Amino acid sequence: MAFKDVGARFMSRCLSYFSKGNNKEITVLVATAGDTGSAVANGFLGIKGIDVIILYPSGKVSKIQELQLTTLGKNITALEVQGTFDDCQRMVKQAFVDKLLNKQLSLTSANSINIACWLPQQFYYFYALQQWPYEFKPVISIPSGNFGNICAGLLAYFSGAPVRHFIAACNSNDVFSDYILHQIFSPKLAIATISNAMDVGNPSNFVRLLEMFAHKHAHIKEVVSGCCVNDEITASTIADVYNKYNYLLEPHGAVAYRGLLQYLEKHPDEKGILLETAHPVKFDDVVKTIVGMEVIEIPESVNDLFNRKKKSIVIKPDFNELKEFLIARN
Ligand SMILES: *Cc1c(COP(=O)(O)O)cnc(C)c1O
């Protein structure tokens, strides 16, 4: 129920295909704040030769995301870390540089740093363009965190997709607008927002965006704009769009919607498309406070989750615990 599902599925099949004939099982290690982990868990479920370990911060992911992470079983194991997302990420990063672990296991990651995750996302853009009813080209607004999704759009653009302009729509973690304005890229610490899958202060794909434009700031500025939408405006956008059109956005899509509106106010002759990136039910804890729970349509697959049993292994936010767990498992 998020756009990352497609990327995770594609990547899992690639990994399985290209490691055929390896005698060692591959261990995929992922730290998640919620959304990446549930996509990876579902995308990698049952894939041969791949063992998936997901670290998530206890009590800090939504109920549904937690069920998506912890109820699948098979080759998916959830480690419930008694700490924050940053603890999870630090532990995973330490594992990737640990000599002993890397000698005993074939470790790999599965997030938007991995290009196999976002190559297939180009199709979203072509699929949208196929439905575009106008003669002129659209502006496309993308809710952005690590900039994987927008980089996929830019790849599509460079291979000929007819797009007029891109908007990298960010929440209060907006380092991109600063870059567009001042030509200086200065990473910051992430701020917590209601569109938390975009709480990124140092987008990992930013260097790729620079490379695609051969580091030419003037060219980047011509093709991509930034924008910053705070929580208050995100929430009022969800309410406005629901009241006006009876369409329920979730917080990330609302950031893109608002970003597109702001751009079109300044460019009244243009029209645009926005990417919505998740089902509102994944962020129901936020959405229900704005429009009420009864408005959120609950898909059957989610109802099914509530009948399953959560299975997680609780560990301390300590790298040595993770290391011992991985070695014992091997
Ligand atoms: C990951 C995510 C984003 C941001 O995508 P990036 O490729 O990291 O820019 C936006 N919305 C949702 C729901 C996400 O899970």
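Note that this is a predicted model, so its numbers are computed, not measured. Just so you know, ligand 1 is whichever comes first in the structure, and atom 1 is the first atom listed for that ligand.
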### Message
When you compare ligand 1 with Gly148, is there at least one nitrogen or oxygen pair between them that comes in under 3.5 angstrom?
### Response
yes

### Message
Parallel, tilted or perpendicular: which one describes the rings of Trp132 and Tyr134, with boundaries at 30° and 60°?
### Response
perpendicular

### Query
Run the ring-ring contact (aromatic ring centres under 6.0 Å, His included) check on Phe158 and Phe213 step by step: do they pass?
CA-CA 10 Å; Phe158 283 116; Phe213 289 93; 5.2 Å; yes

### Task
Show which atoms of ligand 1 fall inside a sub-4.0 Å distance from at least one heavy-atom site of Asn149.
7 (O)

### Query
Hey, is Ser144 one of the residues with a heavy atom under 4.0 angstrom from ligand 1?
yes

### Query
At a 4.0 Å threshold, what atoms of ligand 1 neighbour a non-hydrogen atom of Pro143?
4 (C), 10 (C)

#### Entry: Contact check: Gly145 vs ligand 1, nitrogen or oxygen atoms, below 3.5 angstrom
yes

### Task
Considering only NZ, NE, NH1 and NH2 on the basic side and carboxylate oxygens on the acidic side, decide whether Glu80 and Lys310 come within less than 4.0 Å.
yes

### Message
At less than 4.0 angstrom from any non-hydrogen atom of Asn146, what atoms of ligand 1 do you find?
### Response
6 (P), 8 (O), 9 (O)

### Summary
For Leu79 and Ile315 the tightest heavy-atom approach is CD1-CD1, 4.1 Å

### Message
Using the rule that Ile, Leu, Val, Met, Phe, Trp and Tyr join whenever any side-chain heavy atoms are under 4.5 Å apart, tell me whether Ile273 and Phe123 fall into a single cluster.
### Response
no

### Summary
Short version for Trp118: what comes under 4.0 Å of ligand 1, heavy atoms counted, is neither

### Task
Salt-bridge test for Glu250 and Lys282: reply yes if a basic N is under 4.0 Å from a carboxylate O, no otherwise.
no

#### Entry: Sub-3.5 Å N/O-N/O distance, His252 and ligand 1
no

### Message
Is there a polar contact, in the sense of an N or O pair closer than 3.5 Å, between Phe3 and ligand 1?
### Response
no

### Summary
Atoms of ligand 1 under 4.0 Å from any heavy atom of Ala278, numbered from 1 in the order shown, are 13 (C)

### Query
So which bit of Asp35 gets within less than 4.0 Å of ligand 1, heavy atoms only: side chain, backbone, both or neither?
side chain

### Message
Any salt bridge linking Asp304 with Arg308? Criterion: basic side-chain nitrogen under 4.0 Å from a carboxylate oxygen.
### Response
yes

### Same cluster (ILVMFWY, side-chain, under 4.5 Å), Met212 and Phe176
yes

### Query
ligand 1 versus Lys4, non-hydrogen atoms closer than 4.0 Å: side chain, backbone, both, neither?
side chain

